[in-house]
Amino acid sequence: MRKKTFTMMLTIASAFMFTNAVYAQWTTTGTVIRPTDTTRTVSIGTAGSGNASLYVEKKSGTSILGVRSLSGGATLYLDKSAASSNTILGYRTAGIAKWQTGMFANENYSLKNFTTGTLPMVVTSNDYVGIGNATTPAYTLHVEGKVISPTYYTLYSHSNYVGNSDIRGVSGNSVCNPGYGIGVEGSGGYMGVYGSASGSTYTGGAFGVYGYASGTAGTRYGVYGAASNSGGVAWAGYFSGNTYTAQLMVNTTTGANGYVASIGGKLIAEEVRVALKANWPDYVFADDYKLMSISELEKSIQTNKHLPGIPSACEVEENGLHLGDMQTKMVEKLEEAHLYIIQLQKQIDELKAQVTSIKK
């Protein structure tokens, strides 16, 4: 009986000593419970790590570390002691580091590719975002292609939407004070901006580049082109296909009222064709055409100092010359001249016959 009692007392004492030894590793200070020896690792799961203050490992399946609040928000802090220190959340595969995210020796947030040592994304403390090779972004969004391994597109946008709405692949809007703001700016060694439209089976118009400008004052340009070249030809605008314009002005910004084309300078062409709406003056040779007599013609010329139906020098100087109309009038006068020649030839033939008759 005494032996059983002694054994029981020894067991209770051992358990008490073990419990005290276990609980002696933790210290309670206010609402905080921490290990008594702060140099050791708190391990949860199947293994420990001397490199971590808290190590969690699951023997099999998906490893999960959850932070949850049953009321209110849930926050997990990574707090560094100084701006020059690192605050990093790392990602590994089978113990091999792959990615890291956090603040690397500065106050900028970065996503780091541990394999290559590059920073594919950087967010600065003043809310600038750098993508690609833009490790020190200078704009709200700064994208630079990789120098080591460039891709065909530095920035690529693709819409998978299928429907009847005008979805924008890229939209740029910069409306500052009136007279300021550039929506989209492009610069390239070959093309600054490239536009292409695939109309497919659509029966309406498809626009490779569409420009529109509006306002209530000043001058507006739907599309504006300028070019310079110190060693060759420069084209401000070049169109290899059909070109339509409501009103064309060449070397002038003032179009003639009532005309679709105005040229401020000389024009040279290998061929000019004028499509006339009026009748060509073959009517001169009609039997009922009233030809002015020679005396009437002489009187008109003496009075007006120009042919009948032909504008005077003053009129041409003031109003210019209508090419098609003038060509019609010139042919009319040429045909009338031939009728006068025929009349004169008949008179000559008649006089010659009379002279011959007198000689006989």
Side-chain angles (χ1 to χ4, degrees), residues 120-122 127-135 137-255 259-265 267 269:
M121 185 183 74
V122 174
D127 295 334
Y128 286 173
V129 179
I131 303 295
N133 203 41
T135 56
Y139 312 99
T140 303
L141 177 60
H142 189 163
V143 181
E144 287 193 11
K146 291 289 185 181
V147 176
I148 299 174
S149 180
T151 56
Y152 191 75
Y153 299 100
T154 301
L155 179 63
Y156 179 77
S157 173
H158 179 76
S159 173
N160 292 317
Y161 170 78
V162 178
N164 298 324
S165 296
D166 288 330
I167 303 301
R168 272 68 168 169
V170 175
S171 178
N173 185 293
S174 177
V175 180
C176 310
N177 288 329
Y180 296 91
I182 298 175
V184 176
E185 179 180 0
S187 176
Y190 171 47
M191 293 185 184
V193 176
Y194 176 79
S196 176
S198 176
S200 187
T201 58
Y202 176 56
T203 58
F207 306 90
V209 175
Y210 181 89
Y212 175 77
S214 63
T216 58
T219 303
R220 301 293 179 264
Y221 305 91
V223 176
Y224 180 88
S228 63
N229 187 356
S230 59
V233 179
W235 297 91
Y238 188 95
F239 306 94
S240 60
N242 297 335
T243 302
Y244 169 82
T245 179
Q247 187 174 21
L248 176 65
M249 284 167 276
V250 180
N251 199 37
T252 179
T253 57
T254 304
Y259 295 87
V260 296
S262 301
I263 299 176
L267 175 65

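Here the structure is a predicted model, which means the values were calculated and not measured.
- Residues passing the side chain to side chain contact (heavy atoms under 4.5 Å, CB included) test with Ala197, sequence neighbours excluded: Ala206.
- In this structure, Ile131 and Leu141 approach most closely via the heavy-atom pair CG1-CD1, 3.9 Å.
- The CG atom of Asn133 lies 10.5 Å from the OG1 atom of Thr154; values are rounded to the nearest 0.5 Å.
- Scanning all heavy atoms of the two residues, the minimum distance from Val223 to Gly211 falls at CG2-CA, 3.9 Å.
- More than 12 heavy atoms of other shown residues, nucleotides or ligands fall within 6.0 angstrom of atom CD1 in Ile167.
- When atom types are taken as modelled, the side chain of Ser157 and the backbone of Gly169 share a donor-acceptor pair closer than 3.5 angstrom.
- Taking both residues in full, the closest heavy atoms of Cys176 and Gly181 are given as SG-CA, 4.1 Å, listed atom of the first, atom of the second, then distance.
- Contact detail for Arg220 and Ala213: the closest heavy-atom pair is CB-CB, 3.8 Å.
- More than 12 heavy-atom neighbours from other residues, nucleotides or ligands sit within 6.0 angstrom of CD on Gln247.
- The heavy-atom pair separating Val209 from Gly195 by the smallest distance is CG2-CA, 4.0 Å.
- Atom OG1 of Thr254 and atom CE of Met249 lie 8.0 Å apart (nearest 0.5 Å).
- The two atoms that bring Ser214 and Tyr212 nearest to each other are CB-OH, 3.7 Å, heavy atoms only.
- Residue Leu248 holds its CG atom at 10.0 Å from OG1 of Thr243, rounded to the nearest 0.5 Å.
- Sequence neighbours left out, the pairs with a member in residues 160-180 that pass side chain to side chain donor-acceptor pair (under 3.5 Å) are His158-Asn160, Tyr161-Ser165.
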